[in-house]
Visitor: 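Pasting a structure below so you can have a look.
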Amino acid sequence: MKKIALFASGSGTNVEKIIEYFESKSIVHQYLILANNPNAKVIEKAEKRNIPAIIFDRNMFNEGKVEQILEEFNPDLIVLAGFLWKFPQNLVLQYPNKIINIHPSLLPLYGGKGMYGHNVHQAVLQNNDNYSGITIHYVNEHYDQGGIILQKQTDVSTCESWEQIAKKVQVLEHQYFGQVINKLLYDN
């Protein structure tokens, strides 16, 4: 049984879709959800599925407590699914090519500190881009600069709001994140 550590900061829709992807294939994993926001809806979703969830703060993250939790869990893959903090370099070095993230743009466009969610979609809209999409990438010590695993794009030329762009991009997130995780866990 493979172990997946899922980091999230908000609603947990990507976490939920990842779990549903594997359930639909009758593949059983052991999950651990780690959230840096005590009000994150992902915690409720974990409780409903009887998945352990740990809430942590910045001190726990930077002072080794999260590292200890991960060592005890011993994940096969660490997935950042709507997690907004930069991963500490010691964790990146400890888990080379075992930490992945999904970004709501076609990197290197609209990446970096502060570029997440509506900020990315608003930038796409303001720049009148015809396409946006997702980038699933390895995590390194810099925001959104790890090696690209997969990019998929969608036409946003008719979108009139960042919310419309977000919906189109989220379809891609839900369609491809589970597939990529499956490939990384079982094709290597």
Side-chain angles (χ1 to χ4, degrees), residues 1-37 40-57 60-104 107 111 116 134-152 170 172-188:
M1 182 184 307
K2 301 281 188 178
K3 295 180 177 182
I4 304 173
L6 297 154
F7 282 76
S9 296
S11 67
T13 56
N14 276 326
V15 167
E16 196 167 46
K17 291 298 181 185
I18 290 165
I19 293 167
E20 288 172 1
Y21 172 85
F22 287 108
E23 286 175 347
S24 75
K25 303 220 173 286
S26 299
I27 300 172
V28 177
H29 290 118
Q30 186 175 350
Y31 299 102
L32 175 64
I33 295 175
L34 296 108
N36 62 331
N37 175 359
K41 290 191 185 333
V42 71
I43 297 163
E44 281 177 37
K45 291 176 181 176
E47 288 172 358
K48 286 180 183 174
R49 293 179 174 275
N50 294 317
I51 296 172
I54 296 172
I55 301 165
F56 62 93
D57 60 23
M60 292 172 68
F61 196 49
N62 293 327
E63 294 174 4
K65 181 64 176 159
V66 172
E67 185 176 350
Q68 287 176 321
I69 292 165
L70 287 174
E71 284 175 12
E72 289 172 22
F73 184 64
N74 191 25
D76 294 288
L77 193 64
I78 298 169
V79 178
L80 310 187
F83 183 71
L84 303 180
W85 290 355
K86 186 176 177 185
F87 237 58
Q89 186 171 0
N90 63 316
L91 285 175
V92 172
L93 294 174
Q94 188 172 346
Y95 296 96
N97 295 323
K98 282 189 163 188
I99 308 170
I100 66 169
N101 184 37
I102 191 164
H103 187 77
L107 292 174
Y116 58 88
I134 60 166
T135 303
I136 300 172
H137 63 92
Y138 290 106
V139 173
N140 66 13
E141 63 276 8
H142 304 288
Y143 279 113
D144 303 323
Q145 292 183 19
I148 293 173
I149 301 165
L150 176 84
Q151 285 188 313
K152 291 291 179 179
Q170 190 174 54
L172 296 177
E173 291 175 353
H174 295 169
Q175 182 177 356
Y176 290 103
F177 212 5
Q179 290 178 23
V180 167
I181 293 166
N182 189 49
K183 185 175 172 81
L184 291 173
L185 287 173
Y186 296 103
D187 289 355
N188 289 333

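Sequence positions, counted from 1, serve as the residue numbers for this chain. The analysis underlying the following values was restricted to heavy atoms, covering all of them including side chains, and did not include hydrogens, waters or symmetry mates.
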Visitor: Scan for side chain to side chain donor-acceptor pair (under 3.5 Å) pairs involving residues 85-97, sequence neighbours excluded, and state none if there are none.
Guide: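 Of all non-adjacent pairs touching residues 85-97, those that pass side chain to side chain donor-acceptor pair (under 3.5 Å) are Glu67-Asn90, Glu71-Gln94.
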
Visitor: For a quick test of reading the model, state the closest non-hydrogen atom pair linking Gly10 to Ala40 and the distance between them.
Guide: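 Of all heavy-atom pairs spanning Gly10 and Ala40, the closest is O-CB, 3.4 Å.
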
Visitor: Drop me the distance from His174's NE2 to Gln179's CD, to the nearest 0.5 angstrom.
Guide: 13.0 Å

Visitor: Which value, rounded to the nearest 0.5 Å, describes the distance between Leu184 atom CG and Asp76 atom CG?
Guide: 11.5 Å

Visitor: Output all residues satisfying side-chain contact (heavy atoms from CB on, under 4.5 Å) with Gln30, sequence neighbours left out; order by chain, then residue number.
Guide: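 Met1, Lys3, Phe73.
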
Visitor: Residues two or more places apart in sequence or in another chain: which of them pass side-chain hydrogen bond (donor to acceptor under 3.5 Å, both in side chains) with Asn101?
Guide: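 So Asn101 forms a side-chain hydrogen bond (donor to acceptor under 3.5 Å, both in side chains) with His137.
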
Visitor: Could I get the full list of side-chain contact (heavy atoms from CB on, under 4.5 Å) partners for Ile69, not counting sequence neighbours?
Guide: Leu32, Leu34, Ile54, Lys65

Visitor: Could you pull out the closest heavy-atom pair between Ile99 and Leu91, with the gap in Å?
Guide: CD1-O, 3.7 Å

Visitor: Closest approach of Phe83 and Phe7, non-hydrogen atoms and distance?
Guide: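 Closest pair (atom of Phe83, atom of Phe7, distance): CB-O, 3.6 Å.
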
Visitor: For Ile33 and Ala46, work out which heavy atoms get closest and say how close.
Guide: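 Where Ile33 meets Ala46 most closely, the heavy atoms are CD1-CB, 3.5 Å.
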
Visitor: What's the spacing between Gln151 CD and Ile134 CD1 if we round to 0.5 Å?
Guide: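 If we round to the nearest 0.5 Å, Gln151:CD and Ile134:CD1 are 9.0 Å apart.
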
Visitor: Should the pair Lys2 and Tyr186 be classed as cation-pi, given the thresholds of under 6.0 Å to the six-membered ring centre and 45° from the axis?
Guide: yes

Visitor: Could you pull out all residues at least two apart from Glu63 that satisfy side-chain hydrogen bond (donor to acceptor under 3.5 Å, both in side chains)?
Guide: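 side-chain hydrogen bond (donor to acceptor under 3.5 Å, both in side chains) check on Glu63 returns nothing, list empty.
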
Visitor: For residues Phe177 and Leu80, report the shortest heavy-atom separation together with the two atoms involved.
Guide: CZ-O, 3.8 Å

Visitor: Side-chain contact, heavy-atom cut-off 4.5 Å: Ile78 with Lys98?
Guide: no

Visitor: Please identify each residue that fulfils side-chain contact (heavy atoms from CB on, under 4.5 Å) with Glu47, with sequence neighbours left out.
Guide: Ile43

Visitor: Can you name the residues that form a side-chain hydrogen bond (donor to acceptor under 3.5 Å, both in side chains) with Asn36, not counting sequence neighbours?
Guide: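 Checked Asn36 against side-chain hydrogen bond (donor to acceptor under 3.5 Å, both in side chains); matches are Ser9.
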
Visitor: Enter the distance from Tyr21:OH to His29:NE2 here, rounded to the nearest 0.5 Å.
Guide: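 If we round to the nearest 0.5 Å, Tyr21:OH and His29:NE2 are 9.5 Å apart.
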
Visitor: Any salt bridge (charged side-chain N to carboxylate O under 4.0 Å, His left out) involving residues 10-37? Give me the pairs, sequence neighbours left out, ordered by first then second residue.
Guide: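 Found Glu16-Lys45, Lys17-Glu20, Glu20-Arg49, Glu23-Arg49.
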
Visitor: Rounded to the nearest 0.5 Å, what's the gap from CD on Glu173 to CD1 on Ile102? Could you check?
Guide: 4.5 Å

Visitor: Using every non-hydrogen atom in the two residues, find where Ala81 and Ala8 come nearest and quote the distance to one decimal.
Guide: O-CB, 3.6 Å

Visitor: What is the distance from atom CD1 of Ile136 to atom CD1 of Ile181, rounded to the nearest 0.5 Å?
Guide: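 Rounded to the nearest 0.5 Å, the CD1-CD1 separation comes out at 7.5 Å.
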
Visitor: Could you give all pairs that pass the salt bridge (charged side-chain N to carboxylate O under 4.0 Å, His left out) test and reach residues 134-148, with sequence neighbours left out?
Guide: none

